[in-house]
Protein chains: 2
Amino acid sequence: MLEIKGIEKKYYFKPVLTGVEMTIQPQRIYGLLGRNGVGKSTLLKVITNRARPTAGTITLDGVSVFENEQAQNRLYLMSDARLFNQDSKLKVLLKWVDQLYGGFDYALAEKLARQFKLDLKKAKLRRLSTGYQTIANVIIALCVPCDYIFLDEPVLGLDANHREMFYQALLATYAQRPRTFVIATHLIEEVAGLLNDVFVMENGQVALAESVEALQQRGRVVSGPAALVQDYLQGIKPLREVRLGGMLTAYTLDTPLERPLPAGVSLDGMNLQQLFIEFTREAGEGDEV
Amino acid sequence: MLEIKGIEKKYYFKPVLTGVEMTIQPQRIYGLLGRNGVGKSTLLKVITNRARPTAGTITLDGVSVFENEQAQNRLYLMSDARLFNQDSKLKVLLKWVDQLYGGFDYALAEKLARQFKLDLKKAKLRRLSTGYQTIANVIIALCVPCDYIFLDEPVLGLDANHREMFYQALLATYAQRPRTFVIATHLIEEVAGLLNDVFVMENGQVALAESVEALQQRGRVVSGPAALVQDYLQGIKPLREVRLGGMLTAYTLDTPLERPLPAGVSLDGMNLQQLFIEFTREAGEGDEV
């Protein structure tokens, strides 16, 4: 179990992370969601020792991960940063990752490379298109033996086919060797089916940590005559209210499903992406043009 | 009406476009779909006079668009290429676009900028994040008076909220001033609801041009005992067949809906993104890991 407590991070006196609290369990698949610029990448870098926090602690199975090579070896970050030497051949890169982490799954890497039509023997990183650089990064991330894999925008620039192949490959390798994935992505609805839980970041903190199932259960669009909707939602502050004439549409994460629904009021579900959008919507955004 | 005939384009003797045929009607919203590297961006550049075709003709209402400023003024391309001077302030940039195309809708630009929280008066392009550079490009594209707007990956790097706001803004401005949009994107399912028609490119050509409605009507997943499925699909070559034991799942764009469905065979729909993935899947891709 990875426990993250009170993590703060400033860049040039500007606070980016302002007290992140997270518990990441073994063998689960998490979504790390948040608006652009909220600090997802910074958090992933801090967890995986690529950036130093200004304050806070991170422990893996009770032991601090800071300056702890053994713990860091169990964590792997895939990001779009071009960390690798662009002149390397992929084959050489895999050996290098194997040296660092041990137990690299070459057989799986070759299988995935065949599927994605990536020639491991020939390809030099510099020669690959942006999409294929991402694919190379993704294949490596699926083949390292680490227990906690952090994926920062793993499908950016991939076409729909390659995105689907990646999701399928992730699930297949997870079934064969369960481990934790934390996936930071803006393509929320596409990954929703993969995720057990989500963390939603706001203002440099984790504002919501919950299972996808529970969220989808609680999140509802309530609409009908304003007075009836307000009555039904009494005591609850919806995420958003949209009025049109005498009708009210309310988006809420706290649907009182135990209350009887008044006649004339409808209750519709929201998918995970819609939930996220309503939860993180800022005042004034999305008003009618 | 924009008519594109026999467009070919080579880069350094490498054929990219190999005979594109398209008819683009006024006041419709098209999706331009295709795998990474298939030539979508090249085609959009050729149509909008940013690249010269090796062969072929393009006419707007019967008149060639080549070396025809009046015709070119009715076409606008938004791409992620950083065409604009990065030191410009946005305010200056809008004036420049207004000079070029005339009739720039400043009032709409200000409304959209407020919604997206983009300060038109202060912002210098260079200072904007990648996401906000895209937003600035998108706002300009929605405010030019052109009849044919081409959007090349308009939501790349935007978070889910900004993507939704963009789709809503596009529809709202379309309702107020119907014109043609051609949207090249990899986020197919998200834009599906916006589109009237799609063009799917393969091997440097348009391999499929059809209304979204017709496609979704014809595209089905047929599954059941192999003999029954094959019998039902007699004479039809499915896009893909997946066998598991004695069962067969076939993905097809040519479902014979007029034939009676044998008992034990099920017929499920595909969404636009699934249809696209099956249509453009290459041999060997997506086989099980």
Side-chain angles (χ1 to χ4, degrees), chain A residues 33-38 40 107-108 111-112 114-117 129-132 134-135 142 153 155-176 185-190 271-289, chain B residues 33-38 40 107-108 111-112 114-117 129-132 134-135 142 153 155-176 185-190 271-289:
Chain A
L33 312 181
R35 300 292 302 267
N36 258 337
V38 79
K40 300 185 296 295
L108 176 60
K111 228 175 183 174
L112 290 170
R114 265 197 308 278
Q115 273 207 24
F116 280 98
K117 299 182 187 293
S129 65
T130 317
Y132 268 101
T134 302
I135 288 169
L142 292 179
E153 292 288 349
V155 297
L156 199 67
L158 299 193
D159 58 35
N161 307 54
H162 281 158
R163 296 201 307 275
E164 195 211 48
M165 285 165 63
F166 164 66
Y167 302 136
Q168 296 296 334
L170 187 148
L171 284 179
T173 72
Y174 177 81
Q176 281 160 22
T185 184
H186 289 306
L187 302 190
I188 299 170
E189 200 40 38
E190 276 195 4
N271 68 32
L272 189 64
Q273 185 157 310
Q274 290 168 327
L275 274 167
F276 169 83
I277 290 173
E278 295 308 333
F279 187 78
T280 58
R281 188 188 296 277
E282 292 180 21
E285 278 190 343
D287 296 347
E288 289 309 297
V289 177
Chain B
L33 312 180
R35 301 291 303 266
N36 257 337
V38 80
K40 301 184 296 296
L108 177 60
K111 228 175 183 173
L112 290 170
R114 264 197 309 277
Q115 273 208 24
F116 280 98
K117 298 181 187 293
S129 65
T130 316
Y132 268 101
T134 302
I135 288 168
L142 292 180
E153 292 289 350
V155 297
L156 199 67
L158 298 194
D159 59 35
N161 307 55
H162 281 159
R163 297 201 306 275
E164 196 212 48
M165 284 165 62
F166 164 65
Y167 302 136
Q168 297 296 335
L170 188 148
L171 284 180
T173 71
Y174 177 82
Q176 281 160 22
T185 183
H186 290 305
L187 302 190
I188 299 169
E189 201 40 38
E190 276 195 2
N271 68 32
L272 189 64
Q273 185 157 308
Q274 290 168 327
L275 275 167
F276 170 83
I277 290 174
E278 296 307 335
F279 187 78
T280 59
R281 189 188 294 279
E282 291 180 21
E285 277 190 344
D287 295 346
E288 289 309 297
V289 177

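Bear in mind that the values here come from a model prediction, so they are computed numbers and not experimental data. Lettering of chains follows the sequences in order, A, B, ..., and the numbering in each one begins at 1.
Residue contact with chain A, scored on non-hydrogen atoms closer than 4.5 Å, is absent for Arg114(B). Residue Leu33(B) does not touch chain A at all, counting heavy-atom pairs closer than 4.5 Å. Only the side chain of Glu190(B) comes within contact range of chain A, judged by heavy atoms closer than 4.5 Å. For Leu187(A), the parts sitting under 4.5 Å from any heavy atom of chain B are the backbone and the side chain alike. Using a 4.5 Å cut-off between heavy atoms, Ser129(B) makes no contact with chain A at all.
Across Gln273(B) and Arg163(A), no two heavy atoms sit closer than the pair NE2-NH2, 3.4 Å. Contact record, Ile188(A) with Ala160(B): CD1-CB, 4.1 Å, taken as the closest heavy-atom pair.
Looking at Asn161(A), its side chain does come within 3.5 Å of a backbone N or O of Ile277(B) through a donor-acceptor pair.
Ranked by heavy-atom pairs under 4.5 Å with chain A, the list Leu156(B), Thr280(B), Leu171(B), Thr185(B) is led by Thr280(B).
Residues passing the side-chain hydrogen bond (donor to acceptor under 3.5 Å, both in side chains) test with Asn271(B): none are found, sequence neighbours excluded. With sequence neighbours excluded, no residue forms a ring-ring contact (aromatic ring centres under 6.0 Å, His included) with Tyr174(A).
Looking only at side-chain heavy atoms (C-beta outward), Lys117(A) and Glu282(B) come within less than 4.5 Å of each other.
Distance OG1/Thr134(A) to CG/Asn36(B): 9.0 Å, rounded to 0.5 Å.
Of the residues listed (Met165(A), Gln115(A), Glu164(A)), the one engaging Glu285(B) in a side-chain contact (heavy atoms from CB on, under 4.5 Å) is Met165(A), and it is the only one.
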